[in-house]
Amino acid sequence: MSNYRAIYHQAISTIPVCLGEFSIGLAFGWVAPMIKIFLEDPETEVIATEEECSWIASLTEFGRIFGPLFSLLLLDVIGRKSMLQISSIIFFVIWLAILFTRSPMVLCATFFVFGLGIGICNAASAVYLGENSSPTVRGIFCSITTTGFYVGVLVQYVIAGYLSYHYLAIANIVMAFVCLASTLLLVESSQFLMLKDRFDRAEKNMMWLNGTSKKEDIMVEFEDIKSNIASEKLKKTSYKELFTSSANYKSLIIVLVLNMAHAATGNAVMFTYISVLFPENEFFTSNQVSVYFGLSQMTFCLFASLIIENFNRRTLTLLCYAIFILCHSAACYFLNDAANNETPVTYGVWIVFASVCIFSGFSAVLDSVIHMLRGELFPQSIRPIGSALSISAHSFMEFVTVKIFLSIKAQYGTHMNFMGYAVVSLFSFLFSYFALPETRGKTLIEIQKSLEKSK
(Lines give C-alpha, C1' and ligand atoms only; values in the text may rest on other atoms or scores of the structure.)
Protein backbone atom coordinates (compact mmCIF):
# COMPACT_ATOMS: atom_id res chain seq x y z
CA MET A 1 0.00 0.00 0.00
CA SER A 2 2.82 2.36 0.91
CA ASN A 3 4.29 1.86 -2.56
CA TYR A 4 1.12 3.17 -4.20
CA ARG A 5 0.99 5.98 -1.66
CA ALA A 6 4.60 6.87 -2.47
CA ILE A 7 3.85 7.06 -6.19
CA TYR A 8 0.76 9.17 -5.46
CA HIS A 9 2.70 11.61 -3.27
CA GLN A 10 5.57 11.87 -5.74
CA ALA A 11 3.07 12.45 -8.56
CA ILE A 12 1.50 15.34 -6.62
CA SER A 13 4.92 16.91 -6.07
CA THR A 14 5.63 16.55 -9.81
CA ILE A 15 2.48 18.39 -10.99
CA PRO A 16 4.06 21.89 -10.68
CA VAL A 17 7.10 20.74 -12.70
CA CYS A 18 4.81 19.39 -15.40
CA LEU A 19 2.87 22.67 -15.49
CA GLY A 20 6.14 24.62 -15.54
CA GLU A 21 7.10 22.71 -18.69
CA PHE A 22 3.61 23.46 -20.02
CA SER A 23 4.34 27.18 -19.54
CA ILE A 24 7.61 26.79 -21.44
CA GLY A 25 5.72 25.03 -24.24
CA LEU A 26 3.35 28.02 -24.46
CA ALA A 27 6.33 30.31 -25.06
CA PHE A 28 7.85 28.14 -27.81
CA GLY A 29 4.47 27.45 -29.38
CA TRP A 30 3.64 31.16 -29.53
CA VAL A 31 6.52 32.01 -31.87
CA ALA A 32 5.72 30.04 -35.05
CA PRO A 33 2.10 31.21 -35.63
CA MET A 34 2.83 34.77 -34.48
CA ILE A 35 5.81 35.20 -36.80
CA LYS A 36 3.67 34.18 -39.76
CA ILE A 37 1.00 36.70 -38.69
CA PHE A 38 3.55 39.50 -38.15
CA LEU A 39 4.99 38.97 -41.64
CA GLU A 40 1.89 38.21 -43.69
CA ASP A 41 -1.27 39.52 -42.01
CA PRO A 42 -2.05 43.11 -43.13
CA GLU A 43 -4.17 43.60 -40.00
CA THR A 44 -1.50 42.42 -37.57
CA GLU A 45 -1.19 44.31 -34.28
CA VAL A 46 2.60 44.00 -34.43
CA ILE A 47 4.53 45.11 -37.50
CA ALA A 48 7.92 43.37 -37.69
CA THR A 49 10.54 42.71 -40.35
CA GLU A 50 11.92 39.25 -41.08
CA GLU A 51 15.13 40.16 -39.25
CA GLU A 52 13.19 41.30 -36.17
CA CYS A 53 11.15 38.11 -36.28
CA SER A 54 14.31 35.99 -36.38
CA TRP A 55 15.54 37.76 -33.24
CA ILE A 56 12.21 37.29 -31.46
CA ALA A 57 12.43 33.59 -32.31
CA SER A 58 16.04 33.07 -31.29
CA LEU A 59 16.39 35.32 -28.23
CA THR A 60 14.45 32.86 -26.10
CA GLU A 61 17.26 30.35 -26.60
CA PHE A 62 19.87 33.07 -26.11
CA GLY A 63 18.35 34.02 -22.75
CA ARG A 64 18.11 30.36 -21.87
CA ILE A 65 21.90 30.14 -22.08
CA PHE A 66 22.23 32.46 -19.06
CA GLY A 67 19.22 31.26 -17.04
CA PRO A 68 20.99 28.17 -15.69
CA LEU A 69 23.80 30.38 -14.35
CA PHE A 70 21.31 31.84 -11.86
CA SER A 71 20.43 28.26 -10.90
CA LEU A 72 24.13 27.52 -10.51
CA LEU A 73 24.47 30.38 -8.04
CA LEU A 74 21.22 29.85 -6.13
CA LEU A 75 20.13 26.22 -6.44
CA ASP A 76 22.16 25.11 -3.41
CA VAL A 77 21.44 28.38 -1.58
CA ILE A 78 17.65 28.86 -1.68
CA GLY A 79 16.67 25.40 -2.90
CA ARG A 80 15.01 23.63 -5.80
CA LYS A 81 11.49 24.59 -4.72
CA SER A 82 12.23 28.33 -4.57
CA MET A 83 13.94 28.33 -7.97
CA LEU A 84 10.94 26.65 -9.59
CA GLN A 85 8.64 29.22 -7.98
CA ILE A 86 10.81 32.08 -9.26
CA SER A 87 10.65 30.75 -12.82
CA SER A 88 6.84 30.52 -12.65
CA ILE A 89 6.67 34.14 -11.49
CA ILE A 90 8.84 35.17 -14.46
CA PHE A 91 6.53 33.37 -16.91
CA PHE A 92 3.45 35.08 -15.49
CA VAL A 93 5.01 38.55 -15.56
CA ILE A 94 6.29 38.11 -19.12
CA TRP A 95 2.82 37.31 -20.48
CA LEU A 96 1.58 40.46 -18.78
CA ALA A 97 4.30 42.43 -20.60
CA ILE A 98 3.37 40.82 -23.93
CA LEU A 99 -0.26 41.84 -23.40
CA PHE A 100 0.65 45.52 -23.15
CA THR A 101 3.32 45.82 -25.85
CA ARG A 102 3.18 45.98 -29.63
CA SER A 103 6.85 46.80 -30.14
CA PRO A 104 9.16 44.22 -31.77
CA MET A 105 12.07 45.52 -29.70
CA VAL A 106 10.14 45.06 -26.46
CA LEU A 107 9.11 41.58 -27.60
CA CYS A 108 12.78 40.75 -28.16
CA ALA A 109 13.56 41.87 -24.61
CA THR A 110 10.62 39.97 -23.10
CA PHE A 111 11.53 36.73 -24.84
CA PHE A 112 15.14 37.10 -23.73
CA VAL A 113 13.87 37.31 -20.13
CA PHE A 114 11.51 34.42 -20.88
CA GLY A 115 14.59 32.45 -21.88
CA LEU A 116 16.22 33.27 -18.53
CA GLY A 117 13.19 31.87 -16.75
CA ILE A 118 13.17 28.77 -18.93
CA GLY A 119 16.84 28.11 -18.17
CA ILE A 120 16.19 28.48 -14.44
CA CYS A 121 13.22 26.12 -14.63
CA ASN A 122 15.06 23.51 -16.71
CA ALA A 123 18.06 23.38 -14.39
CA ALA A 124 15.99 23.28 -11.21
CA SER A 125 13.46 20.73 -12.48
CA ALA A 126 16.14 18.24 -13.58
CA VAL A 127 17.66 18.27 -10.09
CA TYR A 128 14.25 18.30 -8.37
CA LEU A 129 12.96 15.25 -10.28
CA GLY A 130 16.23 13.37 -9.92
CA GLU A 131 16.20 13.81 -6.14
CA ASN A 132 12.47 13.45 -5.41
CA SER A 133 11.53 10.51 -7.65
CA SER A 134 12.04 6.82 -6.91
CA PRO A 135 14.22 4.93 -9.42
CA THR A 136 11.23 2.83 -10.58
CA VAL A 137 9.17 5.89 -11.62
CA ARG A 138 11.82 8.53 -12.28
CA GLY A 139 11.73 7.91 -16.01
CA ILE A 140 7.94 8.03 -16.14
CA PHE A 141 7.77 11.34 -14.26
CA CYS A 142 10.49 12.92 -16.39
CA SER A 143 8.68 11.81 -19.53
CA ILE A 144 5.34 13.13 -18.27
CA THR A 145 6.83 16.54 -17.50
CA THR A 146 8.37 16.64 -20.98
CA THR A 147 4.93 15.75 -22.36
CA GLY A 148 3.64 18.82 -20.52
CA PHE A 149 5.95 20.91 -22.68
CA TYR A 150 4.57 19.47 -25.91
CA VAL A 151 1.00 19.83 -24.68
CA GLY A 152 1.75 23.54 -24.15
CA VAL A 153 3.13 23.82 -27.69
CA LEU A 154 0.08 22.08 -29.15
CA VAL A 155 -2.38 24.20 -27.15
CA GLN A 156 -0.66 27.34 -28.41
CA TYR A 157 -0.68 26.15 -32.02
CA VAL A 158 -4.43 25.45 -31.79
CA ILE A 159 -5.67 28.59 -30.01
CA ALA A 160 -3.38 30.93 -31.98
CA GLY A 161 -5.48 30.17 -35.05
CA TYR A 162 -8.64 31.49 -33.38
CA LEU A 163 -7.56 34.31 -31.07
CA SER A 164 -6.12 37.74 -31.78
CA TYR A 165 -2.76 38.82 -30.37
CA HIS A 166 -4.54 40.58 -27.47
CA TYR A 167 -6.83 37.72 -26.44
CA LEU A 168 -4.12 35.13 -26.96
CA ALA A 169 -1.98 37.01 -24.42
CA ILE A 170 -4.89 37.06 -21.96
CA ALA A 171 -5.40 33.31 -22.37
CA ASN A 172 -1.70 32.75 -21.71
CA ILE A 173 -1.83 34.96 -18.60
CA VAL A 174 -4.64 32.82 -17.17
CA MET A 175 -2.78 29.59 -17.89
CA ALA A 176 0.47 30.99 -16.47
CA PHE A 177 -1.37 31.97 -13.26
CA VAL A 178 -2.67 28.41 -12.84
CA CYS A 179 0.89 27.13 -13.29
CA LEU A 180 2.15 29.65 -10.72
CA ALA A 181 -0.51 28.64 -8.19
CA SER A 182 0.45 24.97 -8.57
CA THR A 183 3.94 25.65 -7.16
CA LEU A 184 2.33 25.51 -3.71
CA LEU A 185 2.40 21.71 -4.18
CA LEU A 186 6.21 21.59 -4.48
CA VAL A 187 8.10 19.58 -1.87
CA GLU A 188 11.71 20.48 -1.17
CA SER A 189 14.11 17.61 -1.76
CA SER A 190 15.64 15.86 1.22
CA GLN A 191 19.09 16.14 -0.38
CA PHE A 192 18.94 19.94 -0.32
CA LEU A 193 17.61 20.00 3.25
CA MET A 194 20.44 17.72 4.37
CA LEU A 195 22.87 19.99 2.56
CA LYS A 196 21.59 22.77 4.85
CA ASP A 197 21.70 20.49 7.94
CA ARG A 198 17.90 20.56 8.26
CA PHE A 199 17.71 16.86 9.01
CA ASP A 200 14.35 16.83 10.78
CA ARG A 201 12.62 18.49 7.83
CA ALA A 202 14.50 16.23 5.40
CA GLU A 203 13.30 13.18 7.28
CA LYS A 204 9.67 14.33 7.19
CA ASN A 205 9.82 15.13 3.48
CA MET A 206 11.39 11.77 2.67
CA MET A 207 8.74 9.95 4.71
CA TRP A 208 5.96 11.80 2.88
CA LEU A 209 7.49 11.17 -0.55
CA ASN A 210 7.87 7.48 0.32
CA GLY A 211 4.26 7.27 1.53
CA THR A 212 5.08 6.11 5.03
CA SER A 213 4.68 7.35 8.61
CA LYS A 214 7.38 5.03 9.98
CA LYS A 215 10.93 6.31 10.26
CA GLU A 216 12.39 2.82 10.02
CA ASP A 217 11.03 2.49 6.46
CA ILE A 218 13.37 5.21 5.20
CA MET A 219 16.30 5.07 7.59
CA VAL A 220 18.61 2.94 5.41
CA GLU A 221 18.16 5.23 2.38
CA PHE A 222 18.23 8.31 4.63
CA GLU A 223 21.56 7.37 6.18
CA ASP A 224 23.04 6.47 2.78
CA ILE A 225 22.08 9.88 1.38
CA LYS A 226 23.28 11.62 4.54
CA SER A 227 26.66 9.91 4.26
CA ASN A 228 26.88 10.69 0.56
CA ILE A 229 26.00 14.36 1.18
CA ALA A 230 28.71 14.60 3.82
CA SER A 231 31.37 13.19 1.49
CA GLU A 232 30.20 15.38 -1.42
CA LYS A 233 30.35 18.48 0.80
CA LEU A 234 34.06 17.88 1.29
CA LYS A 235 34.59 17.85 -2.47
CA LYS A 236 33.16 21.37 -2.76
CA THR A 237 36.23 22.76 -1.04
CA SER A 238 38.13 22.47 -4.31
CA TYR A 239 36.73 23.34 -7.73
CA LYS A 240 39.76 21.66 -9.27
CA GLU A 241 38.72 18.40 -7.61
CA LEU A 242 35.21 18.75 -9.04
CA PHE A 243 36.39 18.46 -12.61
CA THR A 244 39.51 16.33 -12.17
CA SER A 245 37.59 13.54 -10.41
CA SER A 246 37.24 10.84 -13.07
CA ALA A 247 33.56 10.10 -12.31
CA ASN A 248 32.65 13.80 -12.26
CA TYR A 249 34.56 14.54 -15.45
CA LYS A 250 33.05 11.57 -17.27
CA SER A 251 29.46 12.43 -16.31
CA LEU A 252 30.03 16.07 -17.28
CA ILE A 253 31.40 15.20 -20.74
CA ILE A 254 28.63 12.67 -21.46
CA VAL A 255 25.78 15.02 -20.54
CA LEU A 256 27.31 18.09 -22.23
CA VAL A 257 27.95 16.26 -25.51
CA LEU A 258 24.51 14.64 -25.56
CA ASN A 259 22.76 17.94 -24.83
CA MET A 260 24.63 19.84 -27.54
CA ALA A 261 24.28 17.01 -30.06
CA HIS A 262 20.56 16.72 -29.41
CA ALA A 263 20.11 20.47 -29.91
CA ALA A 264 22.09 20.35 -33.16
CA THR A 265 19.72 17.79 -34.71
CA GLY A 266 17.26 20.60 -35.41
CA ASN A 267 14.19 20.18 -33.20
CA ALA A 268 14.16 23.86 -32.16
CA VAL A 269 14.30 24.83 -35.84
CA MET A 270 11.15 22.79 -36.52
CA PHE A 271 9.34 24.58 -33.70
CA THR A 272 10.28 27.97 -35.02
CA TYR A 273 10.06 27.59 -38.78
CA ILE A 274 7.50 24.84 -39.35
CA SER A 275 5.26 27.28 -41.29
CA VAL A 276 8.24 28.34 -43.45
CA LEU A 277 9.24 24.76 -44.13
CA PHE A 278 5.69 23.93 -45.26
CA PRO A 279 4.09 27.09 -46.72
CA GLU A 280 0.52 27.11 -48.01
CA ASN A 281 0.04 24.34 -50.62
CA GLU A 282 -2.64 22.19 -52.15
CA PHE A 283 -2.38 19.55 -49.46
CA PHE A 284 -2.62 21.49 -46.17
CA THR A 285 -2.59 24.96 -44.64
CA SER A 286 0.22 26.21 -42.41
CA ASN A 287 -2.09 26.08 -39.37
CA GLN A 288 -2.86 22.43 -40.08
CA VAL A 289 0.84 21.65 -40.40
CA SER A 290 1.55 23.30 -37.04
CA VAL A 291 -1.23 21.40 -35.30
CA TYR A 292 -0.26 18.02 -36.82
CA PHE A 293 3.36 18.71 -35.95
CA GLY A 294 2.54 19.55 -32.33
CA LEU A 295 0.18 16.58 -32.07
CA SER A 296 2.86 14.15 -33.27
CA GLN A 297 5.34 15.37 -30.66
CA MET A 298 2.82 15.23 -27.84
CA THR A 299 1.66 11.74 -28.85
CA PHE A 300 5.17 10.32 -29.07
CA CYS A 301 6.17 11.85 -25.74
CA LEU A 302 3.01 10.58 -24.03
CA PHE A 303 3.69 7.13 -25.45
CA ALA A 304 7.25 7.35 -24.14
CA SER A 305 5.96 8.06 -20.62
CA LEU A 306 4.06 4.76 -20.75
CA ILE A 307 6.97 2.59 -21.88
CA ILE A 308 10.12 4.45 -20.82
CA GLU A 309 10.73 2.38 -17.67
CA ASN A 310 10.50 -0.81 -19.74
CA PHE A 311 13.46 0.11 -21.94
CA ASN A 312 17.05 0.97 -21.12
CA ARG A 313 17.94 4.66 -21.42
CA ARG A 314 20.89 3.78 -23.64
CA THR A 315 18.75 1.64 -25.96
CA LEU A 316 16.19 4.43 -26.36
CA THR A 317 18.92 6.96 -27.08
CA LEU A 318 20.48 4.80 -29.81
CA LEU A 319 17.05 4.07 -31.32
CA CYS A 320 16.19 7.78 -31.47
CA TYR A 321 19.45 8.77 -33.16
CA ALA A 322 19.13 5.93 -35.69
CA ILE A 323 15.65 7.19 -36.60
CA PHE A 324 17.00 10.76 -36.82
CA ILE A 325 19.57 9.64 -39.39
CA LEU A 326 16.89 8.03 -41.57
CA CYS A 327 14.39 10.91 -41.27
CA HIS A 328 16.91 13.68 -41.99
CA SER A 329 18.41 11.77 -44.89
CA ALA A 330 14.96 11.27 -46.45
CA ALA A 331 14.03 14.93 -45.93
CA CYS A 332 17.34 16.07 -47.42
CA TYR A 333 16.87 13.92 -50.53
CA PHE A 334 13.30 14.99 -51.29
CA LEU A 335 13.84 18.67 -50.48
CA ASN A 336 16.81 18.67 -52.86
CA ASP A 337 14.66 16.90 -55.46
CA ALA A 338 11.93 19.54 -55.08
CA ALA A 339 14.43 22.39 -55.42
CA ASN A 340 16.42 21.11 -58.42
CA ASN A 341 13.91 19.26 -60.60
CA GLU A 342 11.14 20.80 -62.65
CA THR A 343 9.01 17.72 -62.01
CA PRO A 344 9.88 16.56 -58.50
CA VAL A 345 8.45 13.39 -56.98
CA THR A 346 4.77 14.15 -56.36
CA TYR A 347 4.66 12.46 -52.97
CA GLY A 348 7.94 14.08 -51.85
CA VAL A 349 6.17 16.70 -49.73
CA TRP A 350 4.37 13.94 -47.83
CA ILE A 351 7.62 12.07 -47.17
CA VAL A 352 9.28 15.26 -45.88
CA PHE A 353 6.23 15.99 -43.71
CA ALA A 354 6.23 12.43 -42.34
CA SER A 355 9.99 12.58 -41.75
CA VAL A 356 9.70 15.86 -39.84
CA CYS A 357 6.85 14.54 -37.69
CA ILE A 358 8.57 11.21 -36.96
CA PHE A 359 11.85 12.96 -36.17
CA SER A 360 10.14 15.48 -33.90
CA GLY A 361 8.16 12.75 -32.20
CA PHE A 362 11.25 10.71 -31.35
CA SER A 363 13.06 13.93 -30.45
CA ALA A 364 10.36 14.39 -27.81
CA VAL A 365 11.16 10.89 -26.53
CA LEU A 366 14.87 11.77 -26.42
CA ASP A 367 14.00 14.98 -24.56
CA SER A 368 12.71 12.82 -21.71
CA VAL A 369 15.88 10.72 -21.65
CA ILE A 370 18.19 13.76 -21.75
CA HIS A 371 16.14 15.41 -19.01
CA MET A 372 16.60 12.32 -16.82
CA LEU A 373 20.33 12.12 -17.46
CA ARG A 374 20.83 15.67 -16.19
CA GLY A 375 19.45 14.58 -12.82
CA GLU A 376 20.92 11.06 -12.77
CA LEU A 377 24.54 11.21 -13.93
CA PHE A 378 25.80 14.10 -11.80
CA PRO A 379 26.86 13.55 -8.18
CA GLN A 380 25.57 15.91 -5.50
CA SER A 381 28.72 18.03 -5.52
CA ILE A 382 28.34 19.09 -9.16
CA ARG A 383 24.64 18.41 -9.81
CA PRO A 384 23.62 22.10 -9.92
CA ILE A 385 26.77 23.03 -11.86
CA GLY A 386 26.44 20.15 -14.30
CA SER A 387 22.74 20.69 -14.86
CA ALA A 388 23.27 24.42 -15.44
CA LEU A 389 26.18 23.93 -17.85
CA SER A 390 24.38 21.24 -19.86
CA ILE A 391 21.25 23.37 -20.32
CA SER A 392 23.34 26.41 -21.26
CA ALA A 393 25.24 24.33 -23.82
CA HIS A 394 21.98 22.92 -25.17
CA SER A 395 20.46 26.39 -25.43
CA PHE A 396 23.52 27.86 -27.13
CA MET A 397 23.43 25.15 -29.80
CA GLU A 398 19.67 25.65 -30.33
CA PHE A 399 20.22 29.42 -30.63
CA VAL A 400 22.85 28.80 -33.32
CA THR A 401 20.72 26.34 -35.30
CA VAL A 402 17.66 28.61 -35.21
CA LYS A 403 19.66 31.69 -36.19
CA ILE A 404 21.49 30.12 -39.15
CA PHE A 405 18.58 28.14 -40.60
CA LEU A 406 17.24 30.90 -42.85
CA SER A 407 20.74 31.91 -43.99
CA ILE A 408 21.63 28.35 -45.03
CA LYS A 409 18.21 27.99 -46.65
CA ALA A 410 18.72 31.16 -48.72
CA GLN A 411 22.31 30.42 -49.74
CA TYR A 412 22.45 26.65 -50.16
CA GLY A 413 18.88 25.37 -49.97
CA THR A 414 16.76 23.93 -47.16
CA HIS A 415 18.07 20.42 -47.80
CA MET A 416 21.55 21.40 -46.62
CA ASN A 417 20.20 22.05 -43.13
CA PHE A 418 18.87 18.51 -43.01
CA MET A 419 22.14 17.10 -44.31
CA GLY A 420 23.88 18.75 -41.36
CA TYR A 421 21.30 17.33 -38.94
CA ALA A 422 21.86 13.83 -40.37
CA VAL A 423 25.64 14.10 -39.87
CA VAL A 424 25.19 15.27 -36.27
CA SER A 425 22.75 12.41 -35.63
CA LEU A 426 25.33 9.88 -36.88
CA PHE A 427 28.00 11.34 -34.59
CA SER A 428 25.53 11.27 -31.66
CA PHE A 429 24.69 7.63 -32.31
CA LEU A 430 28.38 6.64 -32.24
CA PHE A 431 29.10 8.69 -29.12
CA SER A 432 26.10 7.22 -27.28
CA TYR A 433 27.10 3.70 -28.28
CA PHE A 434 30.59 4.01 -26.86
CA ALA A 435 30.17 6.45 -23.95
CA LEU A 436 26.64 6.36 -22.48
CA PRO A 437 26.17 4.10 -19.41
CA GLU A 438 22.86 2.54 -18.41
CA THR A 439 21.02 4.20 -15.48
CA ARG A 440 17.56 2.64 -15.52
CA GLY A 441 16.42 1.25 -12.15
CA LYS A 442 19.50 2.52 -10.28
CA THR A 443 19.59 4.93 -7.37
CA LEU A 444 21.67 8.09 -7.75
CA ILE A 445 24.32 6.63 -5.43
CA GLU A 446 24.50 3.38 -7.45
CA ILE A 447 24.95 5.36 -10.68
CA GLN A 448 27.88 7.27 -9.20
CA LYS A 449 29.53 4.08 -8.01
CA SER A 450 29.23 2.57 -11.50
CA LEU A 451 30.86 5.66 -13.03
CA GLU A 452 33.73 5.44 -10.55
CA LYS A 453 34.30 1.77 -11.36
CA SER A 454 34.41 2.44 -15.12
CA LYS A 455 37.05 5.19 -14.95
Side-chain angles (χ1 to χ4, degrees), residues 10-28 60 63-92 114-134 137-153 176 179-180 182-192 205 209 255 259 262 301 304-305 308 364 366-378 380 383-395 444:
Q10 290 175 29
I12 290 175
S13 70
T14 303
I15 289 174
V17 183
C18 186
L19 291 178
E21 290 293 322
F22 176 82
S23 291
I24 295 172
L26 292 178
F28 280 95
T60 301
R64 194 181 178 198
I65 296 171
F66 303 100
L69 301 180
F70 288 96
S71 292
L72 174 61
L73 296 173
L74 298 174
L75 205 53
D76 277 349
V77 177
I78 64 177
R80 292 72 165 124
K81 177 180 177 179
S82 296
M83 293 302 289
L84 289 169
Q85 289 172 332
I86 289 171
S87 65
S88 291
I89 292 171
I90 291 174
F91 300 154
F92 177 72
F114 219 136
L116 291 176
I118 291 171
I120 291 171
C121 182
N122 288 157
S125 65
V127 177
Y128 178 89
L129 290 173
E131 294 178 346
N132 274 10
S133 302
S134 300
V137 295
R138 189 188 303 136
I140 295 173
F141 287 161
C142 285
S143 184
I144 289 174
T145 58
T146 305
T147 302
F149 169 82
Y150 290 105
V151 171
V153 172
C179 297
L180 174 59
S182 74
T183 59
L184 296 174
L185 298 174
L186 289 167
V187 179
E188 187 58 85
S189 76
S190 297
Q191 283 89 334
F192 170 75
N205 283 13
L209 288 168
V255 178
N259 272 267
H262 181 219
C301 197
S305 68
I308 198 165
L366 189 59
D367 270 345
S368 300
V369 178
I370 296 294
H371 196 61
M372 280 186 286
L373 292 176
R374 289 174 189 151
E376 288 181 335
L377 286 181
F378 294 124
Q380 177 68 44
R383 192 169 296 144
I385 298 173
S387 182
L389 288 177
S390 63
I391 293 169
S392 292
H394 181 93
S395 301
L444 300 182

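Count residues from 1 along the sequence. We use all heavy atoms of the structure for the numbers below, so side chains are in, but hydrogens, waters and symmetry mates are not.
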Working to the nearest 0.5 Å, report the span between [atom1] of [X] and [atom2] of [Y].
X	Y	atom1	atom2	value
Ser82	Leu74	OG	CG	9.5 Å
Ile370	Leu366	CD1	CG	4.5 Å
Leu26	Phe149	CG	CZ	10.0 Å
Ser13	Leu186	OG	CG	8.0 Å
Leu184	Gln85	CG	CD	7.0 Å
Gln10	Ile140	CD	CD1	11.0 Å

Validation row: [X], [Y] side chains within 4.5 angstrom (heavy atoms):
X	Y	value
Phe141	Asn132	no
Glu21	Asn122	yes
Phe192	Leu75	no

Looking only at atom types and distance, does a side-chain atom of [X] sit under 3.5 Å from a main-chain N or O of [Y], one as donor and one as acceptor?
X	Y	answer
Tyr128	Thr14	no
Arg80	Glu188	no
Ser392	Ile65	yes

- [ ] List the steps, then state whether side chain to side chain contact (heavy atoms under 4.5 Å, CB included) holds for Cys121 with Leu84.
- [x] CA-CA 6 Å; Cys121 182; Leu84 289 169; 4.2 Å; yes
Open item on the list: Check the orientation of His394 and His262. Use parallel for under 30°, tilted for 30 to 60°, and perpendicular for over 60°.
Closed with: tilted
Shortest non-hydrogen separation from [X] to [Y] and the atoms involved:
X	Y	value
Thr183	Pro16	CA-CB, 3.9 Å
Ser390	Val255	CB-CG1, 3.6 Å
Phe92	Ala176	CA-CB, 3.9 Å

- [ ] Applying side chain to side chain contact (heavy atoms under 4.5 Å, CB included), run through Cys179 and Phe22 and close with a yes or a no.
- [x] CA-CA 8 Å; Cys179 297; Phe22 176 82; 4.0 Å; yes
Task: Worked check of side chain to side chain contact (heavy atoms under 4.5 Å, CB included) between Ile118 and Phe28 - done: CA-CA 10 Å; Ile118 291 171; Phe28 280 95; 3.7 Å; yes
- [ ] Please list, chain by chain and in numerical order, all residues satisfying side chain to side chain donor-acceptor pair (under 3.5 Å) with Ser88, sequence neighbours excluded.
- [x] none
Open item on the list: If you apply the rule side chain to side chain contact (heavy atoms under 4.5 Å, CB included), what do you find for Ile90 with Leu116, and how did you get there?
Closed with: CA-CA 9 Å; Ile90 291 174; Leu116 291 176; 5.5 Å; no
